[in-house]
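The structure under discussion appears below in the form of C-alpha cells.
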Amino acid sequence: MSIEFIRLSPALGAEVRDLDISQPLSAEQVAEVRRAWLDHLVLVFRGRSLSDDQLCAFSRQFGTLDAVPAWHQYHVPGQPNVLIVSNVKEQGKPIGVLGDGEAAWHTDMSYIPLPPTASLLHALEIPDSGGDTYWMNMYAVYEALPAALKRRIAGLALNHDSSTDSSGEVRPGHKPVVDASQAPGVKHPLVRLHPETKRPALYLGRRLHAYVVGLSVAESEALLDELWKHALDDRFVFRHRWQVGDLLMWDNRCTMHRRDPFDKAARRIMHRTELIGDAPVGVAAA
Ligand code: SIN
C-alpha cells in the first residue's frame, strides 16, 4: 500500500496515512517520508501510540538523536533523548518544560551552534481545550518580503538569546537580559539557506532579546519589529488541534512554532525528540 500525504493547510503541513511507524521503515519509505517532510515542513501522524523506544527508533531513521541538554533535567527517566513537555507536577515539582502558559513563536534551540534539524512531538495526554500549536512557513515569509527589505537584511546576522525560554522563563544559570546587544547566545544568518532544499528562509528564532549584529539596539529593534510584523500573518500559518496519539515532525530550519495556553488544572504531557543539525549557512548577498 502506498503512503498517502494529505495537505492540511495552504501554508504548510500534511497528514501521513497508511504507514505503520511503530515498525522499522524500508529505505524507500524513509526516503518518501523525508521528501514529504521537506515539501510540507510539518508531518502529522494521527492515532499512534508509540513507546519512548519506538519514538526514538522512528526518529533515528531521519538523523542522529540529540541528548536533552543536561541543564534541562526533564528527560524521561532512562531515556536521555526524550524531553518531557508538560505542565504536570509530581510532589510539587514540574515533570517537564513549558508549563501551561503560552509558548511564544520560536524555532527549537536556535541559540546553540548546531540547532536541531527536526523535532518530533508525541501527544500522550491532552487537555479538552487549549494548547493548540501553530507552525509558520519561513520560506513563504521570506519570499513575501518586499524586495527592498530583502536587500536590507541580506548578509546580516542575528544573535539568538540563550537566556530565556519560549514561556518567558529565565533558564537555569542565566541572568535576566537588560540589553539585547549583550544577550548570551549564538549568532546565525538572518536569511538561512536550507541545506537540503537550497531555499532561503527567514531565520528569526525568537523575538525576545534578539539582536541584529552591528546595529544599535534601537535600529535592531525597529528592523526586527518590521520583520515580525510581516511574518505574523495567518496566511503563513498552520494550526494543529492535538489528539492523544498524534506525532508531529517538523523542520526547524524553515519553520517557527508557538503554543496556546491551556487550563492549568488540565494535564498535558508530550514527549519530544530532536535530531542534531548543521551550522546554519547564510545566503550570499545579491
Ligand atoms: C514546543 O514549543 O516545542 C512545544 C510545543 C507544544 O507544547 O505544543
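Quantities reported herein were computed from a predicted structural model and do not represent experimental measurements. When a ligand or atom number is given, it counts from 1 through the structure's own listing order.
- Under the 30°/60° scheme for interplanar angles, the aromatic rings of Phe58 and Phe45 are found to stand perpendicular.
- Which parts of ligand 1 touch Arg259 is read off a 4.0 Å heavy-atom cut-off, strictly below it: atoms 6 (C), 7 (O), 8 (O).
- If you check which protein heavy atom lies closest to atom 1 (C) of ligand 1, you get His257 NE2, 3.4 Å.
- Atom numbering of ligand 1 starts at 1 in the shown order; those under 4.0 Å from a heavy atom of Val85 are 7 (O).
- Under 3.5 Å, the side chains of Thr107 and Asn252 contain a donor-acceptor pair of N or O atoms.
- Against a heavy-atom cut-off of under 4.0 Å, Asp108 is close to the following atoms of ligand 1: 3 (O).
- Protein heavy atom nearest atom 7 (O) of ligand 1, with residue, atom name and distance: Arg268 NH1, 2.8 Å.
- One finds the OH atom of Tyr211 at 11.5 Å from the CG atom of Leu223 (value rounded to the nearest 0.5 Å).
- The aromatic rings of His240 and Phe238 sit tilted, their planes meeting at an angle between 30° and 60°.
- For atom 8 (O) of ligand 1, the closest non-hydrogen atom on the protein side is Thr133 OG1, 2.6 Å.
- Ring geometry, Tyr139 versus His194: the interplanar angle falls from 30° to 60°, so the pair is classed tilted.
- Residue contacts with ligand 1: Leu121 is included, with a non-hydrogen atom under 4.0 Å away.
- Only side-chain heavy atoms of Arg272 come within less than 4.0 Å of ligand 1; its backbone N, CA, C and O stay farther off.
- The aromatic rings of Tyr134 and Trp105 stand perpendicular to each other, their planes meeting at an angle above 60°, with 30° marking the opposite boundary.
- Atom-to-atom distance recorded for Thr255:OG1 and His106:NE2 is 9.5 Å, nearest 0.5 angstrom.
- The shortest contact between atom 4 (C) of ligand 1 and any protein heavy atom is with Leu98 CD1, 3.7 Å.
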